[in-house]
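Report on one structure; see the data block that follows.
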Amino acid sequence: MSESAPTYLQKPHILKRTSVARSRLFHVESLELRFSNGEERQFERLTGSGHGAVMIVAMPDPEHVLLIREYAAGFEDYVLTLPKGLVDPGEDVVTAANRELMEECGFGARCIEPLVEFSLAPNYMSHRMQVMLATDLYPKRLPGDEPEPLIVETHALDELPALLLREDFHEARAIAALYIARDKLRADNAETPKLL
């Protein structure tokens, strides 16, 4: 049985775009759409700042990663996750990742490379996040915008199954980023010839 090539639909026509609500962090927009089959629907979405965001898998050594403990207002509790933040106007993703790493973990990185780009709930949000792998770390602290100092923890990448059992480690983006980083590092190590 052969699979046919995917059929790409024509994007719906935006009939009207209305700002529903705006806060310091969020902009809710209503879209009135007409689909290619004539159906019309109204969708609401959160729009992003347009500059994007970064999440950093920072490796102090080849087997460990830095995680931060920070207050998550959505859960009204502290969570364990990866350092992350918005890309400031005029910054590229590498500069933003290094700045966020310095602000949140007290380290800079001599090597930062892109791993993957994530979206979150694309039916409702236009937000994208670049996940960056940071290696060759050095101590460097910049003042950040956090309301309290973040707790930085070091965990082994091989601990991922155990981390998933914890009640404070559940952010899907961080979980996916760590598995992607772990698999990339394993593949890179498998390709590196061993010296005798």
Side-chain angles (χ1 to χ4, degrees), residues 6-58 67-105 112 114-132 134 142-151 164 166-181:
T7 303
Y8 294 100
L9 302 173
Q10 181 180 349
K11 287 184 183 179
H13 178 68
I14 299 173
L15 302 172
K16 186 176 180 183
R17 186 186 311 252
T18 308
S19 179
V20 175
R22 188 181 295 269
S23 74
R24 181 177 59 85
L25 295 176
F26 302 107
H27 178 214
V28 180
E29 186 177 67
S30 172
L31 298 176
E32 293 181 26
L33 304 173
R34 180 179 298 129
F35 288 80
S36 59
N37 64 358
E39 288 289 322
E40 293 185 10
R41 295 286 190 279
Q42 183 177 9
F43 285 74
E44 288 185 353
R45 68 178 187 170
L46 287 173
T47 60
S49 66
H51 303 292
V54 291
M55 177 175 270
I56 307 102
V57 178
L67 297 177
I68 58 168
R69 183 173 304 284
E70 66 179 346
Y71 185 74
F75 281 89
E76 298 179 13
D77 205 354
Y78 286 87
V79 298
L80 193 60
T81 188
L82 289 170
K84 61 191 166 304
L86 296 175
V87 177
D88 288 342
E91 277 186 324
D92 59 47
V93 293
V94 171
T95 303
N98 214 18
R99 176 184 51 76
E100 287 292 341
L101 185 58
M102 292 175 189
E103 290 176 2
E104 295 191 0
C105 294
I112 299 179
L115 275 178
V116 68
E117 180 181 77
F118 288 150
S119 67
L120 180 66
N123 286 7
Y124 304 102
M125 298 172 65
S126 61
H127 180 73
R128 293 178 183 266
M129 177 171 274
Q130 301 289 329
V131 179
M132 311 296 283
L142 289 178
D145 58 0
E146 290 76 22
E148 62 184 357
L150 300 178
I151 296 170
L164 289 175
R166 294 174 56 143
E167 290 185 11
D168 61 349
F169 182 71
H170 48 74
E171 184 182 0
R173 297 174 301 178
I175 293 166
L178 288 174
Y179 274 104
I180 291 167

What pairs with [X] under ring pair (Phe, Tyr, Trp, His ring centres under 6.0 Å), at least two apart in sequence or on another chain?
X	result
F35	none
Y78	Y71
H170	F75

Regarding T81 and E171, do their side chains bring together a donor and an acceptor under 3.5 Å, going by distance alone?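 Checked: T81/E171 side chains pair up, N/O donor to acceptor below 3.5 Å.
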Q42 and S30: side-chain donor and acceptor closer than 3.5 Å?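 Short answer, yes.
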Return the [atom1] to [atom2] distance between [X] and [Y], rounded to the nearest 0.5 Å.
X	Y	atom1	atom2	answer
L164	F169	CG	CZ	6.0 Å
S119	M129	OG	CE	11.5 Å
Q130	D92	CD	CG	11.0 Å
L33	H13	CG	NE2	9.5 Å
E70	L80	CD	CG	9.5 Å
E104	D145	CD	CG	7.5 Å

Can you give me the closest heavy-atom contact between [X] and [Y], atom names plus distance?
X	Y	answer
I112	A97	CG2-CB, 4.2 Å
E29	V20	C-CG2, 4.2 Å
H27	S19	NE2-OG, 2.8 Å
E103	P143	CG-O, 3.5 Å
M55	A177	SD-CB, 4.2 Å
D88	E91	N-OE1, 2.8 Å

Looking at side-chain heavy atoms only, is the closest gap between [X] and [Y] below 4.5 Å?
X	Y	answer
V54	V87	yes
R99	L142	yes
P114	M132	yes
I68	L82	no

State whether E40 and K16 are salt-bridged, where the test is any N-O pair (Lys NZ or Arg NE/NH1/NH2 against Asp/Glu carboxylate O) under 4.0 Å.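 Answer for the salt bridge query: no.
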Between V28 and L46, is the side chain to side chain contact (heavy atoms under 4.5 Å, CB included) condition met? List the steps. CA-CA 5 Å; V28 180; L46 287 173; 3.7 Å; yes
Other residues, nucleotides and ligands only: do more than 12 of their heavy atoms fall within 6.0 Å of CZ on R128?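 Open.
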Taking atom OH of Y179 as the centre, does the number of heavy atoms from other residues, nucleotides or ligands within less than 6.0 Å exceed 12?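 More than 12 within 6.0 Å, yes.
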Could you go through the side chain to side chain contact (heavy atoms under 4.5 Å, CB included) check for I180 and V131 one step at a time? CA-CA 10 Å; I180 291 167; V131 179; over 6 Å; no
